[in-house]
> 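One structure, as structure tokens, below. Some questions next.
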Amino acid sequence: MQVGEGSHWLGVLVGALFTAILLPLLVGTLASLLRRLGRGTSLLLRGKAQWSGLTGMGRKLREEMLFVVVFCVSIVFSSLILLVSLVNYFPTIGTWSPLTTLLTWIVDDSKLQQELGRGVDEQDAGLIQLALTMGADARNPGEKESYLPRSRSPDLRQLLVEYGASPNGLRHQEPPLLQALEIRDFELYQWLLQAGANPDPRMHAPDEHLIVLLARSEPALGDEWLTALLRHDRDLNRRSATGTTALDVMTLERVRPDWHTMLSEAGARHGLLLDRGEYMPADHPAITHVRQWLGARGTADWLEGDERWELPGADATGIYYFLPVKDIQLTGRIEGNEALVRASGPAGGGPERTTVVALRWIQAEAAEPIAQADPATRGWSHGSWRIAGFWLDKR
């Protein structure tokens, strides 16, 4: 740890030199003091002591005791100078409790945090231990990344976690799991999962379950990445704000079809109505809503994100360019209060494309509860359909 300014070896030299000089003087003075005490005690016991002799001996004893105190205080200070200077080269020394207390008076909080960061960058276990012992924040709150991905040793990561570092990082930091994926460090990735890192999509961007990020990775990752995640993710069917599960996104994007079986066997299911639900007639209100929504786009009546058409966040996928605009074929499925409409047709003057549009039936104000109403009725007087999200279907 960098304590103090200037040459640290000078502090070591001065501290060692003064300690080496003062220590023999202290030992000699103590020896003389003890001898004088012994001689005086012997004279008193034998009754041969005279008052004048005792007075002179007392004066000498006081002088020697004063020297002992001065030498002891000087040796303490020189030893502290030596130890504090040595901390710059051997940080583990600083974990000695009295010295740690002294260092906390010398090193301010910002310097302490810098030293912890330096210890992590240099993989210096002694410096990291000392900084944490002195009160440095293992979470690295002032930066945009956690210390954990920067620590190459599992033992160092565990030390940081013991002092408060979270496997998920802080809210404003990039999740360590994503950093492990970015640098393709499987050992770090596996360690974070074992330490309790959360693969929840709310930790990441909309619709980007960690499984999806693994599947999209180029070049392709090995199966061990998915296998490790399946051992720790207990909610494979977690749905994003727009209603998709990881299997939905992977199916629509046609990524890693070899992983679909692994996911299905582990219990992953579709959240969207891609493989279930009843087919809707062409004039069903949900299909009509999608037709009107597509027709209104680009007109004076169109307002992006208008609550008349969409739920908040429905446009998160940003695929407007691929939405069909003419010769549209619409088909759909419904199940309960959810529907899925497939819109097929040319987009932007290019080849035909298919977009799947997810809808939810929303209860109208002052209407009867949804559970008592029928979203499949053509009258739909108790509520209306709104678009929850839409995605390009690459199948």
Side-chain angles (χ1 to χ4, degrees), residues 1-3 8 83-104 106-107 109-200 203-204 210 213-214 217 221-234:
M1 175 173 287
Q2 300 298 314
V3 181
H8 303 302
L83 291 173
V84 168
S85 300
L86 284 174
V87 166
N88 291 284
Y89 306 99
F90 308 102
T92 307
I93 298 173
T95 57
W96 180 45
S97 180
L99 189 54
T100 301
T101 303
L102 176 63
L103 290 172
T104 56
I106 299 175
V107 182
D109 291 342
S110 61
K111 176 66 173 178
L112 188 59
Q113 202 65 37
Q114 291 175 11
E115 289 300 298
L116 176 57
R118 185 170 69 86
V120 171
D121 290 337
E122 297 177 2
Q123 308 298 296
D124 187 332
L127 180 53
I128 293 173
Q129 178 70 70
L130 175 57
L132 292 173
T133 302
M134 291 174 60
D137 196 330
R139 302 172 303 165
N140 197 22
E143 302 295 335
K144 293 184 178 180
E145 71 172 12
S146 166
Y147 287 131
L148 294 177
R150 292 160 55 183
S151 304
R152 293 188 290 275
S153 164
D155 291 338
L156 293 184
R157 293 185 214 121
Q158 186 59 42
L159 178 62
L160 290 165
V161 168
E162 289 173 0
Y163 276 86
S166 169
N168 295 314
L170 298 177
R171 184 178 296 274
H172 68 281
Q173 293 174 337
E174 183 178 8
L177 270 177
L178 291 190
Q179 290 182 268
L181 176 58
E182 289 171 2
I183 61 178
R184 304 176 78 84
D185 187 335
F186 180 72
E187 185 276 328
L188 170 62
Y189 167 82
Q190 189 173 38
W191 186 92
L192 288 167
L193 288 172
Q194 292 171 346
N198 188 355
D200 192 307
M203 299 288 296
H204 317 307
L210 186 58
L213 299 182
L214 296 178
S217 185
L221 297 171
D223 291 350
E224 68 273 10
W225 288 76
L226 178 60
T227 302
L229 182 59
L230 294 179
R231 283 198 295 264
H232 296 90
D233 191 350
R234 297 291 181 262

> Atom CD of Gln129 and atom CG of Leu160: how far apart are they, to the nearest 0.5 Å?
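Between atom CD of Gln129 and atom CG of Leu160 there are 10.0 Å.
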
> Kindly indicate, with the supporting measurements, whether the criterion side-chain contact (heavy atoms from CB on, under 4.5 Å) is fulfilled by Glu115 and Met134.
CA-CA 11 Å; Glu115 289 300 298; Met134 291 174 60; over 6 Å; no

> Applying salt bridge (Lys or Arg N to Asp or Glu O under 4.0 Å), which residue pairs with at least one partner in residues 141-162 are found, sequence neighbours left out?
Asp121-Arg150, Glu145-Arg150, Arg157-Glu187

> Compare every heavy atom of Gln113 with every heavy atom of Asn140, then report the nearest pair and how far apart it is.
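The answer is CA-NE2, 4.2 Å.
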
> Once salt bridge (charged side-chain N to carboxylate O under 4.0 Å, His left out) is applied, do any residues pair with Asp185, and if so which ones, sequence neighbours excluded?
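Result, salt bridge (charged side-chain N to carboxylate O under 4.0 Å, His left out) vs Asp185: none returned.
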
> Go through the structure and list residues passing side-chain hydrogen bond (donor to acceptor under 3.5 Å, both in side chains) with Ser217, not counting sequence neighbours.
Arg184

> How many angstroms lie between CG in Asp223 and CG in Leu214, if you round to the nearest 0.5 Å?
11.0 Å

> Please evaluate residues Tyr147 and Leu116 with respect to the criterion side-chain contact (heavy atoms from CB on, under 4.5 Å), reporting the C-alpha separation (whole Å), side-chain torsions for both, the decisive distance (0.1 Å), and the verdict.
CA-CA 9 Å; Tyr147 287 131; Leu116 176 57; 3.5 Å; yes

> Under the ring pair (Phe, Tyr, Trp, His ring centres under 6.0 Å) test, which residues partner Trp191, sequence neighbours left out?
none

> State which residues pass side-chain contact (heavy atoms from CB on, under 4.5 Å) with Pro149; sequence neighbours excluded, sorted by chain then number.
Ser146, Pro176, Gln179, Leu188

> Which atom names give the shortest non-hydrogen contact between Leu181 and Leu213, and what distance separates them?
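Between these two residues, the closest heavy atoms are CD2-CB, 3.7 Å.
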
> Kindly write out the residues that satisfy side-chain hydrogen bond (donor to acceptor under 3.5 Å, both in side chains) with Asp137, not counting sequence neighbours, or none if the list is empty.
Arg139

> Please list, chain by chain and in numerical order, all residues satisfying side-chain contact (heavy atoms from CB on, under 4.5 Å) with Gln190, sequence neighbours excluded.
Phe186, Gln194, Arg231

> If the condition is side-chain contact (heavy atoms from CB on, under 4.5 Å), which residues does Ala197 pass it with, not counting sequence neighbours?
Pro167, Asn168, Leu177, Leu192

> Please give me the minimum heavy-atom distance between Ala138 and Leu132, naming the atom from each residue.
CB-CD2, 3.7 Å

> Listed by chain and number, what are the side-chain contact (heavy atoms from CB on, under 4.5 Å) partners of Gln114, not counting sequence neighbours?
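For Gln114 the side-chain contact (heavy atoms from CB on, under 4.5 Å) partners, ignoring immediate neighbours, are Lys111.
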
> According to side-chain hydrogen bond (donor to acceptor under 3.5 Å, both in side chains), who are the partners of Tyr189, at least two apart in sequence or on a separate chain?
none

